[in-house]
Amino acid sequence: MRSDRWCLASVFRLVRARCGLAGPTAVLALAACNAPPRMDLRRNPEFYQPTGYSASAPGDRDVFVAPVVDERKPPQDEGQLPTLFLSDRDWERPVPVMVHEILRDELRDSGVFRQVLDAASPEALLVKPVLRSFEGGVQEQLYGRRSLAAVGLQVEVYGPLQDNERKLLLTQPLFERPVSSPGFKPASPRVLLGAALQATMTRLVGAIDASNVGRSAVVTDADLRKQ
C-alpha cells in the first residue's frame with residue numbers, strides 16, 4: 001500500500017512539473033507503476049542475479065558461444081501428487097535465448113576468456129551449450145503445496161579450428177533441482193528456476209576456470225591427450 005501511495009504521489013509531482021505534457025505522461029507513469037514484473041530471466045533481477053564469479057587468473061583466449069541447442073523433453077508428474085508446470089508461454093522470450101544470453105554474460109564478466117565474440121573465428125574457442133531440462137512448477141501436497149524446478153545444461157568447449165576440425169577440450173554436464181518446503185504460499189517456481197540457473201552457471205564457470213582452457217600458456221588435460 002505504501003509503495004502504491006508513493007507511486008501516485010510521484011505521478012502527481014510529474015503532472016505539476018510538466019504542465020502541457022502532464023496528461024499523457026501521467027498516464028504512462030501510472031501504467032509503469034501498475035505494470036506486472038517482466039517475465040524475463042535476464043532482465044528481471046528478482047528471477048536471476050549474476051553470479052559475480054571472477055577468474056583466478058584472466059584468460060587470454062577468445063571464445064564464441066554457439067546458440068543453445070534445445071533438447072528438453074516435456075516434464076512429467078512424479079508419483080501420485082499432481083504438478084502444474086510452467087510452459088514456455090509463461091516467459092516473455094524463448095527459454096534457450098535467455099539461457100544463451102546469460103551464459104554469454106557470465107563468461108564475459110568472469111574473465112575466464114579474454115573476449116566473448118559475436119561470431120565464430122577459426123582462432124577462437126567454441127562453446128556448445130545443450131539445454132537438457134528447464135522446468136518449474138507447483139506440486140500439490142497433502143497439506144499445502146511446494147514449488148520445484150530443474151535445470152539441466154551440458155556444455156562442450158572446443159579448441160581452435162585446425163585441419164577443418166576442432167578438438168574437444170572440455171565436457172561439463174550440470175544438473176540442479178531445488179525444491180521448496182511444503183506450505184500454503186510456496187516460493188515462485190520462476191524464482192527457483194533462477195536460483196537453479198545461477199547455481200548451474202556458478203559451477204560451469206568454475207569448471208571452465210579450473211580446466212585452464214581459456215589460458216593458452218597452461219597445459220591442460222586435453223593437451224596431454226594429444227601426446
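On a predicted model such as this, the values are computed, not experimentally measured, just so you know. One is the number of the first residue; the rest follow in order along the sequence.
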Q) Can you list every pair that meets salt bridge (Lys or Arg N to Asp or Glu O under 4.0 Å) and has a residue in residues 130-139, with sequence neighbours left out? A) Glu71-Arg132
Q.
Let's go through Val213 and Tyr158 carefully: what are the C-alpha distance in whole Å and the side-chain angles of both, what is the deciding distance for side chain to side chain contact (heavy atoms under 4.5 Å, CB included) to 0.1 Å, and is it a yes or a no?
A. CA-CA 9 Å; Val213 295; Tyr158 291 84; over 6 Å; no
Q: Kindly compute the distance separating CG (Leu125) from CG (Leu107), expressed to the nearest 0.5 Å.
A: 11.0 Å
Q: Kindly state each residue pair satisfying salt bridge (Lys or Arg N to Asp or Glu O under 4.0 Å) with at least one member in residues 109-131, sequence neighbours excluded.
A: Asp62-Arg114, Arg104-Asp118
Q) Roughly how far apart are Phe47 CZ and Trp91 CH2, rounded to 0.5 Å? A) 5.5 Å
Q) Counting only N and O atoms by type, is there a donor-acceptor contact under 3.5 Å from the side chain of His100 to the main-chain atoms of Pro129? A) no
May I have the list of side-chain donor-acceptor pairs in residues 191-199 shorter than 3.5 Å, sequence neighbours left out?
unit_1: Gln198; atom_1: NE2; unit_2: Gln49; atom_2: O; d: 2.9

**Q.** Residue list, salt bridge (Lys or Arg N to Asp or Glu O under 4.0 Å) with Asp105, at least two apart or on another chain
**A.** Arg42, Arg108
(Q) Looking at Asn44 and Glu46, would you say the former's side chain and the latter's main chain have a donor-acceptor pair under 3.5 Å? (A) yes
Q: Give, for atom CD of Gln172 and atom CG of Leu204, the distance between the pair rounded to the nearest 0.5 Å.
A: 6.5 Å
Q | Donor-acceptor pair, side chain of Ser110 and main chain of Tyr53, under 3.5 angstrom | A | no
Q: Scan residues 182-209 for pairs that pass salt bridge (Lys or Arg N to Asp or Glu O under 4.0 Å), counting only residues two or more places apart or in two chains.
A: Glu176-Arg203, Asp209-Arg215
Q: Apply side-chain hydrogen bond (donor to acceptor under 3.5 Å, both in side chains) to Gln141 and list each qualifying residue two or more places apart in sequence or on a separate chain.
A: Gln139
Q. Taking Thr83 for the side chain and Val138 for the main chain, is one N or O donor matched with an acceptor at less than 3.5 Å?
A. no
(Q) Any non-hydrogen side-chain atom of Met39 less than 4.5 Å from a side-chain atom of Asp90? (A) no
Q | Side-chain touch Arg177/Ser133, heavy atoms, less than 4.5 angstrom | A | no
Q: Report the C-alpha distance between Val69 and Leu131 in whole Å, list the side-chain angles of each, state the deciding distance to 0.1 Å, and finish with yes or no for side chain to side chain contact (heavy atoms under 4.5 Å, CB included).
A: CA-CA 6 Å; Val69 177; Leu131 190 62; over 6 Å; no
Q. Side chain of Arg166, backbone of Gly159: donor and acceptor closer than 3.5 Å?
A. yes
Q: Measure the CG-CD distance between Leu84 and Glu140 for me, rounded to the nearest 0.5 Å.
A: 8.5 Å
Q: Under the side chain to side chain contact (heavy atoms under 4.5 Å, CB included) rule, what do Leu170 and Ile208 come out as? Steps first, then yes or no, please.
A: CA-CA 8 Å; Leu170 177 68; Ile208 293 175; 3.9 Å; yes
Q: Report the distance from atom CG of Leu169 to atom CG of Asn212, rounding to the nearest 0.5 Å.
A: 11.5 Å
Q.
Measuring from atom OG1 of Thr171 to atom CD of Glu156, what distance do you get when rounded to the nearest 0.5 angstrom?
A. 4.5 Å
Q. Is the shortest heavy-atom distance from the side chain of Arg72 to the side chain of Phe134 under 4.5 Å?
A. yes
**Q.** Derivation and outcome, side chain to side chain contact (heavy atoms under 4.5 Å, CB included), residues Arg43 and Arg93
**A.** CA-CA 11 Å; Arg43 298 170 180 171; Arg93 297 189 297 147; 3.7 Å; yes
